[in-house]
Amino acid sequence: MDSIRITGGVPLTGTISISGAKNAALPLMTCGLLTDDRLILGNVAKLADLATMADLLGQHGIAVEPEGRSLSLGGRITNAEAPYDIVRKMRASVLVLGPLLARIGEARVSLPGGCAIGTRPVDLHLKGLEAMGAKINLDAGYINASAPQGLKGADIVFPFVSVGATENILMAASLADGVTTLKNAAREPEITDLVTCLIAMGAKIEGIGTDTLTIEGVKSLHGASHAILPDRIETGTYACAAAITGGDLFLENARAADLGAVLSAMREAGIVITEEANGFRVSRANGLHGVDVMTEPFPGFPTDMQAQFMALMAVAEGASMVTETIFENRFMHVPELNRMGARINVHGSSAIIRGVKALSGAPVMATDLRASFTLVLAALAAAGETTISRVYHLDRGYEAVEQKLAGCGARIERVS
Ligand code: EPZ
């Protein structure tokens, strides 16, 4: 198993090019199930999770062919089953459920289990599809869903915001009979990207970017070409890398508008953010101040940036509090940061961070995707050498980490 070795203490300077968003690419790839025509997705990052999605789509009969930075998807659905072996590797596999049901009236999808960050049920996905007329039963670890007469439009009100449930229902409703209204829908930029692609495929959707989406089902969708938006979480993560090392990075292709709450918190902490053509610059000349943040659905502070921001707060002056409201167990990085000299206590869903002057390198272990990069950030700032094991988590969602960081001066290498 690979590990990453970092010798900290170098302020990062230069340009980092932001890749296409993983969490947009995953649902967009499942759109390949919604049409017999060819779907071309541009600006696709090379990531392990996207390879897993390509495997899954292949099992359903949809071939996914890389063409440079694009993916070309095409084929006819030959199989309605998403097996446990793939779903257990990646929970986003459940996003094939809505498209399969809408397209062929049946789906058998392994139930995703819990994961390192929480229990993560899929009840909202299932209730939404049931409201549209699907018959669903759970048996032997699988979701068996059918809609022999097709799905019907419905009024669906989510009791709380779910990104994945919004995506599944959006895709299913695009091919349902009649109008579906989705209230309390997620407004994340990745949802807007999905809606944009669905509209390019012939879907009729109103309310883009708002929490109420109205979808008038159409008989069929056609092929389209869509460029995936830049990854806002990768952007925020590298912004933290500039800040924690006291460096100066230009984040090329980055969209500041997708990171409003994160950039506000960073500015409050003393980080300078300057918007330029085709990206923005992040630099820090002076000390960092502690700032409190609480995770919320978009446009609030994203849960996927919570761990990385905590690394920054670990070396800020004064105390700060990070409250996690989306997932119940997303503080696995805390004991590892503490092993590097951070002073963080967790009380329920909040972590109190007392800033220290410096972190020190240590052997640490990655526990999930965002927690892995948090350890990379801490290592970049720490005195001495840090070895991070289980870096396969990192490869799921960050493209070319060592190349991007080494290109800006980091002393980083992958050890097999
Ligand atoms: C998406 O997960 C992202 N994944 C996650 O990114 C992200 O952390 C999360 O949204 C929140 O922003 C992808 O886009 C592939 P949710 P998703 O449904 O859709 C509960 C990363 O690091 N819930 O919005 O699974 C759920 O347990 C990852 O890239 C139910 O109770 O998240 C959670 O507490 C990790 N029932 C909350 O809602 C449901 O049916 C929000 O989850 C669905 C969700």
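Sequential numbering from 1 along the given sequence is applied to the chain's residues. All of these numbers come straight from a predicted model, not from anything done at the bench. Both backbone and side-chain heavy atoms feed into the values below; hydrogens, waters and symmetry mates do not. All ligand and atom numbering here is 1-based and tracks the order in the structure.
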Could you tell me whether Arg390 and Asp368 make a salt bridge, using a distance below 4.0 angstrom between a side-chain N and a carboxylate O?
no

I need the nearest protein heavy-atom contact for atom 18 (O) of ligand 1: residue, atom name and distance, please.
Ser162 OG, 2.6 Å

Stepwise, does the salt bridge (charged side-chain N to carboxylate O under 4.0 Å, His left out) test hold for Lys404 with Glu234?
CA-CA 11 Å; Lys404 288 189 184 188; Glu234 189 196 24; 2.7 Å; yes

Can you tell me which residue and heavy atom of the protein come closest to atom 15 (C) of ligand 1, and the distance to 0.1 Å?
Asn23 OD1, 3.3 Å

Under a heavy-atom criterion of less than 4.0 Å, does Gly397 contact ligand 1?
no

Hey, are His226 and Asp193 close enough side-chain-wise for a donor-acceptor pair under 3.5 Å?
yes

Looking only at protein heavy atoms, what sits closest to atom 22 (O) of ligand 1 is Arg370 NE, 2.8 Å

Flag the pair Arg187 and Asp211 as a salt bridge only when some basic side-chain nitrogen lies within less than 4.0 angstrom of an acidic carboxylate oxygen.
no

Electrostatic pair Arg108-Asp139, nearest N-O below 4.0 angstrom:
no

Answer with yes or no after comparing the ring centroid distance for Tyr238 and Phe250 against a 6.0 Å cut-off, counting only values under it.
no

Would you say Thr303 and Glu324 are linked by a side-chain donor-acceptor pair, where the criterion is simply a distance under 3.5 Å?
yes

Would you say that Leu126 contacts Leu97 through its side chain, given a criterion of any heavy-atom pair below 4.5 Å between the two side chains?
yes

Between Asn329, Val163, Thr295, flag the one that comes closest to atom 24 (O) of ligand 1 by a heavy atom.
Val163

I'd like to know whether ligand 1 has Glu190 as a neighbour, heavy-atom separation below 4.0 Å.
no

Could you see which bit of Arg120 sits under 4.0 Å from ligand 1, with heavy atoms only: side chain, backbone, both or neither?
both

Thr303, portion touching ligand 1 at heavy-atom distance under 4.0 Å:
side chain

Measuring from non-hydrogen atoms of Phe160 to any atom of ligand 1, is the shortest distance under 4.0 Å?
yes

Heavy-atom contacts under 4.0 Å between Ile326 and ligand 1: side chain, backbone, both, or neither?
both

If you measure every N or O of Pro121 against every N or O of ligand 1, does any of those distances drop under 3.5 Å?
yes

Contacting atoms of ligand 1, where contact means under 4.0 angstrom from a heavy atom of Lys22
21 (C), 29 (O)

Is the Phe301 to Phe309 ring centre distance short of 6.0 Å?
yes

Just to check, does Arg330 reach to within less than 4.0 Å of ligand 1 when the distance is taken from its heavy atoms?
yes

Report, in ascending order of atom number, the atoms of ligand 1 lying under 4.0 Å from any heavy atom of Leu124.
36 (N), 39 (C), 40 (O)

Give the atom numbers and elements of ligand 1 that come within less than 4.0 Å of a heavy atom of Asp123.
30 (C), 31 (O), 36 (N), 39 (C), 40 (O)

Arg69 and Glu399 ion-paired at < 4.0 Å
yes

Hey, are Asn168 and His125 close enough side-chain-wise for a donor-acceptor pair under 3.5 Å?
yes

Shortest protein heavy-atom distance from atom 32 (O) of ligand 1, along with the residue and atom involved
Phe327 CZ, 4.1 Å

Can you list the ligand 1 atoms lying under 4.0 Å from a non-hydrogen atom of His125?
40 (O)

Does the residue Arg91 have a heavy-atom contact with ligand 1, meaning some pair of atoms that are separated by less than 4.0 Å?
no

Distance filter under 4.0 Å to Gly164 heavy atoms, resulting ligand 1 atoms
18 (O), 19 (O)

Backbone, side chain, both or neither: what part of Asp304 comes under 4.0 angstrom of ligand 1, heavy atoms only?
side chain

Should the pair Arg330-Asp304 be classified as a salt bridge under the 4.0 Å nitrogen-to-oxygen rule?
yes

